[in-house]
Novice: 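Supplied in structure tokens, the structure appears directly below.
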Amino acid sequence: MSHVDADSLLLDKIHKDEPDAFDRLVELYGDRIFAYGMRMCGHREDASDVFQDTLLQAFRSLKTLKEPKALRSWLYRVVSNSCLMKRRKGKFEPRRELSLEELMPAGAEQAAVEIPDLADLPVDALLRDEARRAVHDAIDSLPPSYREVLMLRDIEQLSTREAAQALGLPESTIKMRLHRGRVMVRNHLAAQVGTAAE
Amino acid sequence: MSHEHGKAAVGCKAIFERLSEYLDEELDPEVCAAMDRHMGDCAPCAKFLESLRRTVTALHDVESPRLPDELRRQVLEDYHRLRDDLKDG
């Protein structure tokens with residue numbers, strides 16, 4: 001079943017006030033909402049609050065939502081607003097968009113650093129775990145405004161349009177931040193590879 | 001004809017800027033074709049693209065933390081209690 005079909009059935013249950021509607025919402029989106037909160041807030045306690053805030057909002061407002069296609073972006077909008085309330089504006093929040101020149105490899109040598117393909121790594125649990133940890137560290141090191149876009153597009157796999165609706169940003173900004181976020185992750189991994197090779 | 005990385009007619013910076021859209025197949029076919037031509041001629045850009053592609057694949061495969069069972073149980077219990085209270089009240 002496609003996610004739109006599943007969302008359509010869920011919204012139908014919510015509109016009819018069926019007893020198991022809320023359970024189905026938790027079943028479909030509980031893990032995702034919690035994971036998004038963990039990545040954006042960094043603490044389990046905050047992620048738990050975000051999760052409960054989001055479900056409370058859903059309980060209050062989802063009955064008024066008509067369009068099943070909008071359900072995912074609506075939920076992520078609530079989650080991202082809840083995370084925004086939680087997170088402190090800190091040193092990692094850039095006051096301007098990062099310029100591409102800052103992220104572009106300085107020369108051919110830096111551009112050519114190879115990122116290992118996790119699927120190609122030898123069947124060595126330690127190596128794979130290390131590579132996975134490096135990816136997680138790279139995501140966590142992103143400024144929040146880039147991390148939230150990368151989370152929605154690459155991990156939750158929303159479309160550019162859905163991510164734009166969820167975050168209330170123009171599609172052009174989503175594309176720009178996604179690209180910068182990916183390049184930052186790539187550079188982080190390349191630096192790890194460089195360190196490991198030394 | 002090869003060029004020094006960063007100094008191509010279709011500049012490496014212009015290519016660099018659109019690599020994610022290229023990977024996400026969000027570009028017009030003509031733009032993709034121009035980028036393919038550039039990449040065929042510019043090994044650093046081609047290698048960077050490959051490393052970015054692998055990065056995106058790794059991101060797609062990231063395992064997310066799961067909702068703890070205890071929190072799931074608690075929120076469902078709270079909801080059903082609230083629902084029952086509203087019905088009774």
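In what follows, chains are A, B, ... by sequence order, proteins preceding strands, each numbered from 1.
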Novice: Would Phe34(A) and Leu56(A) show up in the same hydrophobic cluster when neighbours are defined by side-chain heavy atoms closer than 4.5 Å?
Specialist: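 Per the 4.5 Å side-chain linkage, Phe34(A) and Leu56(A) are not co-clustered.
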Novice: Group every Ile, Leu, Val, Met, Phe, Trp and Tyr by side-chain heavy-atom contacts under 4.5 Å, then state whether Ile14(A) and Leu28(A) land in the same group.
Specialist: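 Yes; tracing contacts between hydrophobic side chains, which count when under 4.5 Å, links both residues.
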Novice: Is there a side-chain contact between Thr55(B) and Val183(A), using heavy atoms and a 4.5 Å cut-off?
Specialist: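 Side chain of Thr55(B) against side chain of Val183(A), heavy atoms only: no contact under 4.5 Å found.
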Novice: Chain B heavy atoms under 4.5 Å from Arg32(A): which part of the residue, side chain, backbone, both or neither?
Specialist: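 No part of it gets close to chain B.
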Novice: Do any N or O atoms from the side chain of Asp31(A) and from the backbone of Leu67(B) form a donor-acceptor pair under 3.5 angstrom?
Specialist: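 Judged by distance alone, yes, a pair lies under 3.5 Å.
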Novice: Could you tell me which residues in residues 26-33 of chain B have at least one non-hydrogen atom under 4.5 Å from a non-hydrogen atom of chain A, sorted by residue number?
Specialist: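 If one takes a 4.5 Å heavy-atom cut-off, the residues of residues 26-33 of chain B near chain A are Glu26(B).
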Novice: Who pairs with Gln52(A) by side-chain contact (heavy atoms from CB on, under 4.5 Å), at least two apart in sequence or on another chain?
Specialist: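 side-chain contact (heavy atoms from CB on, under 4.5 Å) check on Gln52(A) returns Asp49(A), Leu71(B), Gln74(B), Val75(B).
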Novice: Quick check on Phe51(A) against chain B: is it the side chain, the backbone, both or neither that has a heavy atom closer than 4.5 Å?
Specialist: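 Phe51(A) touches chain B through side-chain heavy atoms alone.
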Novice: More than 12 foreign heavy atoms under 6.0 Å from NZ of Lys69(A): is that the case here?
Specialist: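 No, not enclosed.
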Novice: Chain B heavy atoms under 4.5 Å from Leu150(A): which part of the residue, side chain, backbone, both or neither?
Specialist: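 Interface part for Leu150(A): side chain.
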Novice: Please state whether the side chain, the backbone, both or neither of Leu19(B) comes within less than 4.5 Å of a heavy atom of chain A.
Specialist: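 Both parts, backbone and side chain.
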Novice: Hey, are Asp23(A) and Arg72(B) close enough for a salt bridge, meaning a charged N less than 4.0 Å from a carboxylate O?
Specialist: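 Result for this pair is no, no salt bridge flagged.
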Novice: Please report the shortest heavy-atom distance between Ser64(B) and Ile155(A), naming the atom on each side.
Specialist: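 Taking Ser64(B) first and Ile155(A) second, the nearest heavy atoms are OG-CG2, 3.8 Å.
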Novice: Does the gap between the ring centers of Phe22(A) and His80(B) come in under 6.0 Å?
Specialist: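 No: the rings miss the under 6.0 Å criterion.
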Novice: Which answer fits Ile139(A), side chain, backbone, both or neither, if we ask what part of it has an atom under 4.5 Å from a heavy atom of chain B?
Specialist: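 Contact with chain B is through the side chain of Ile139(A) alone.
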Novice: So with a 6.0 Å cut-off around NE2 of His15(A), is the heavy-atom count from everything else above 12?
Specialist: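 Enclosed: over 12 neighbouring heavy atoms sit under 6.0 Å from NE2 of His15(A).
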Novice: Taking Asp24(B) first and then Arg153(A), would you say they form a salt bridge - that is, a charged N and a carboxylate O separated by under 4.0 Å?
Specialist: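 Looking at Arg153(A) together with Asp24(B), the answer is yes, because their closest N to O distance falls below 4.0 Å.
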Novice: Does CD belonging to Glu45(A) count more than 12 external heavy atoms closer than 6.0 Å?
Specialist: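 Atom CD in Glu45(A) is not crowded, with 12 or fewer foreign heavy atoms closer than 6.0 Å.
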Novice: Say you draw a straight line from NE2 of His60(B) to CD of Gln157(A); how long is it, rounded to the nearest 0.5 Å?
Specialist: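 Between atom NE2 of His60(B) and atom CD of Gln157(A) there are 4.5 Å.
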Novice: Side-chain contact test, heavy atoms from C-beta onward, threshold under 4.5 Å: evaluate it for Lys175(A) versus Glu21(B) and give yes or no.
Specialist: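 The answer is yes, as the side chains (C-beta and beyond) meet within the 4.5 Å cut-off.
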Novice: With Arg186(A), which of Val56(B), Leu52(B), Leu59(B) fulfils side chain to side chain contact (heavy atoms under 4.5 Å, CB included)?
Specialist: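 The single option meeting the side chain to side chain contact (heavy atoms under 4.5 Å, CB included) with Arg186(A) is Leu52(B).
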Novice: List the steps and the verdict of side-chain contact (heavy atoms from CB on, under 4.5 Å) for Tyr79(B) and Val26(A).
Specialist: CA-CA 11 Å; Tyr79(B) 167 77; Val26(A) 174; over 6 Å; no
Novice: Can you find a heavy atom in the side chain of Arg83(B) that is under 4.5 Å from one in the side chain of Asp17(A)?
Specialist: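 Sidechains of Asp17(A) and Arg83(B): in contact.
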Novice: If you tally heavy-atom pairs under 4.5 Å against chain B, which of Pro19(A), Ser48(A), Ala47(A) wins?
Specialist: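 Top option by heavy-atom pairs under 4.5 Å: Pro19(A).
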